[in-house]
**Q** 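This structure is in structure tokens; I'll ask about it shortly.
Each ligand, and each atom within it, is numbered from 1 in the order the structure gives.
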Amino acid sequence: MQRITILGATGSIGASTLDVLARHPDRYRVHALSAHGRVEELADACRRFKPARAVVGSLDAAERLSQLVAGLGIQVDHGEQALCEIASSPDTDTVMAAIVGAAGLAPTLAAARAGKKVLLANKEALVMSGQLFMDAVREHRATLLPIDSEHNAIFQSLPAGYERDPQAAGVAKILLTASGGPFLHRAVETLEAVTPTEACKHPNWVMGRKISVDSATMMNKGLEVIEAHWLFGAPSELIEVVIHPQSVIHSMVSYTDGSVLAQLGNPDMRTPIAHALAFPDRIASGVPQLDLTAMAALQFYRPDFNRFPCLKLAFDALGAGGTAPALLNAANEVAVQSFLECEIGFRDIDRVIAGVMDAVPHGPAPSIEAVLAQDALARGSARAIIDRLRS
Ligand code: NAD
Ligand code: MG
């Protein structure tokens, strides 16, 4: 019986994880669930899965949840310390890291430091802390499995022994596919005026609002390039982004002998979640089998940095190294939130990020504290730029 903690249980990934777990009560038991604010939804999940612990974002939310789950014997807590506890508890084996954004860094790192099996959806945590996070995984013998559909596809397509050196193991390119999001074919001049609702309407995936906007700017792919660099030890020249609007091929690995291995499937996150939960076994996920004959033609394009400047900013941050990806991530989080609140326009997102990357010098990332200090500086700088844009 594998005991599971889900960080971010009320989100899109959290809900898909619970859906897969519910199909296999003989294999998995839920140890703990967390949510930030959606207390009623978390209470529903608590009634269904009867975890030992539940963690929410505030004292007020904890009091409301305690009332809703009274009598179930669930210990209810709030705050970051409690998140770190449920991620590192001796009573859990596996941690699904599905909090969105930098808020997930501390508990995800706590899980790695406790040597857990970490199922990583929270790409922002790895983008921020790359080397430090991977060092913690190695030092504490944690198992890190990618949930991001592309990285899960790459992981399934890589050769044995890639961890030491992907190129020596025969990898010529990691082909990271991207849908191109809702604005792939929209006239670039009209992007200034798109609304949050339009930006969140992803053609293939139903996801949280932040990652939906990231998909529309393609910052999501930029963060994923950095994520792939750390997960697979791949230099940036080895990673190529390919736009594939149908999201049927979830990514590919091209080998020196000319072979290309791909992982295909319906666009449903329950597939990578089930893969990582059961790895190296295979379990049912609830996702229908792919019907190849019902599929339309598959298309592939090169990404256009004029249309998607955020992708270029991310490649630049990876090239700069050190705390540059943490600055990029923090600036993006603030800009996306501000766009979602209708304070700035869609194209202002890349302007804010570029402004922060110019204004805040990046440096080495010797500790998590140093990374968090740079994260705070970038957030302050982003807010100042947003104030200027609005005045
Ligand atoms: P979501 O917005 O649907 O859910 C986010 C979860 O995090 C919620 O449970 C919320 O309560 C919690 N949360 C939010 N802010 C918090 C905070 N400050 N402190 C603690 N908890 C907080 O997001 P999602 O779409 O499920 O994405 C989660 C993560 O998975 C993101 O990092 C995203 O990039 C990644 N991801 C998502 C998908 C997808 O299909 N949704 C695919 C690949 C990767
Ligand atoms: Mg992805």
**Q** Heavy atom under 4.0 Å from ligand 1: found in Lys210's side chain, backbone, both, or neither?
**A**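 Contact part for Lys210 vs ligand 1: neither.
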**Q** Counting both backbone and side chain atoms, is some N or O of Val206 under 3.5 Å from an N or O of ligand 1?
**A**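 No: no nitrogen or oxygen of Val206 is under 3.5 Å from one in ligand 1.
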**Q** Going by distance only, is there an N or O of Ala35 that falls short of 3.5 Å from an N or O of ligand 1?
**A**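 No.
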**Q** For ligand 1, which atoms have a heavy atom of Ala103 less than 4.0 angstrom away?
**A**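 Those qualifying, in numeric order: 17 (C), 18 (N), 19 (N).
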**Q** Decide, yes or no, whether a salt bridge links Asp60 with Arg64 under the criterion of side-chain N to carboxylate O below 4.0 Å.
**A**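 Answer for the salt bridge query: yes.
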**Q** Looking at Asp93 and Ile4, would you say the former's side chain and the latter's main chain have a donor-acceptor pair under 3.5 Å?
**A**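 Between the backbone of Ile4 and the side chain of Asp93 there is no qualifying donor-acceptor contact (under 3.5 Å).
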**Q** Any idea which protein heavy atom is nearest atom 33 (C) of ligand 1, and the distance to it?
**A**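 Here the nearest protein heavy atom works out to Ile211 CD1, 3.8 Å.
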**Q** For Ile249, does its backbone N or O pair with a side-chain atom of His244 as donor and acceptor, under 3.5 Å?
**A**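 Yes; at least one donor-acceptor contact below 3.5 Å.
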**Q** When you measure from the Mg ion (ligand 2) to each N, O or S atom of Glu150, which atom gives the shortest distance?
**A**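 Sorting the N, O and S atoms of Glu150 by distance to the Mg ion (ligand 2) puts OE1 first.
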**Q** Looking only at protein heavy atoms, identify the closest one to atom 9 (O) of ligand 1 and say how far it is in Å.
**A**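 Checked against all protein heavy atoms, atom 9 (O) of ligand 1 sits closest to Thr10 OG1, 2.8 Å.
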**Q** Can you check the angle at the Mg ion (ligand 2) formed by OD1 of Asp148 and OE2 of Glu224? Round it to the nearest 10°.
**A**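 It rounds to 90°.
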**Q** Which residue owns the protein heavy atom closest to atom 23 (O) of ligand 1, what's the atom, and how far is it?
**A**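 Nearest protein contact, heavy atoms only, for atom 23 (O) of ligand 1 is Gly208 CA, 4.0 Å.
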**Q** Take Phe279 and His275 through the test ring-ring contact (aromatic ring centres under 6.0 Å, His included) and record every step on the way to the result.
**A** CA-CA 6 Å; Phe279 183 78; His275 170 267; 5.5 Å; yes
**Q** So is there a nitrogen or oxygen of Ser149 less than 3.5 Å from a nitrogen or oxygen in ligand 1?
**A**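 Min N/O separation from ligand 1 is not below 3.5 Å for Ser149.
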**Q** Do other residues, nucleotides or ligands put more than 12 heavy atoms under 6.0 Å from the CZ atom of Arg351?
**A**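 Check passes, neighbour count above 12.
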**Q** Ignoring hydrogens and geometry beyond distance, is a side-chain donor-acceptor pair present between Gln2 and Thr94 at under 3.5 Å?
**A**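 Looking only at side-chain atoms, Thr94 and Gln2 do form a donor-acceptor pair, the distance falling under 3.5 Å.
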**Q** At under 4.0 Å between heavy atoms, is it the side chain or the backbone of Asn122 that contacts ligand 1, or both, or neither?
**A**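 For Asn122, backbone and side-chain atoms both sit under 4.0 Å from ligand 1.
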**Q** Are more than 12 heavy atoms, taken from residues, nucleotides or ligands other than Gln289, located less than 6.0 Å from that residue's CD atom?
**A**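 Count not over threshold, so no.
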**Q** Lys210 side chain to Leu340 main-chain N or O, any donor-acceptor pair under 3.5 Å?
**A**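 A pair under 3.5 Å: no.
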**Q** Go through ligand 1 atom by atom and flag the ones less than 4.0 Å from a non-hydrogen atom of Gly8.
**A**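 Counting from 1, the qualifying ligand atoms are 6 (C), 7 (O), 9 (O).
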**Q** If you have a sec, work out which protein heavy atom is nearest atom 42 (C) of ligand 1 and how many Å separate them, to one decimal?
**A**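 Residue, atom and distance for the closest contact: Met269 CE, 3.6 Å.
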**Q** So, are Glu224 and Lys221 salt-bridged, with charged N and O less than 4.0 Å apart?
**A**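 Salt bridge flag = yes for Lys221 with Glu224.
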**Q** Can an N or O of His36 be found at a distance shorter than 3.5 Å from an N or O of ligand 1?
**A**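 Such a contact does occur with ligand 1.
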**Q** Compute the shortest N/O to N/O distance between Ser12 and ligand 1 and return yes if it is under 3.5 Å, no if not.
**A**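 N/O-N/O distance under 3.5 Å: yes.
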**Q** Only one of Asp350, Asn220, Asp214 clears side chain to side chain donor-acceptor pair (under 3.5 Å) with Asn332; which?
**A**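 For Asn332, the side chain to side chain donor-acceptor pair (under 3.5 Å) test succeeds with only one of Asp350, Asn220, Asp214, which is Asp214.
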**Q** Polar contacts were defined as any N/O atom of the residue lying under 3.5 Å from an N/O atom of the ligand; does this apply to Asp148 and ligand 1?
**A**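 No: no nitrogen or oxygen of Asp148 is under 3.5 Å from one in ligand 1.
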**Q** Identify, for atom 5 (C) of ligand 1, the protein heavy atom at the shortest distance, and state residue, atom and that distance.
**A**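 Its nearest protein heavy-atom neighbour is Val100 CG1, 3.7 Å.
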**Q** Under a 4.0 Å N-O cut-off, is there an ion pair linking Glu198 with Arg186?
**A**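 Salt bridge flag = yes for Arg186 with Glu198.
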**Q** Compute the shortest N/O to N/O distance between Leu83 and ligand 1 and return yes if it is under 3.5 Å, no if not.
**A**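 Leu83 vs ligand 1: no N/O contact under 3.5 Å.
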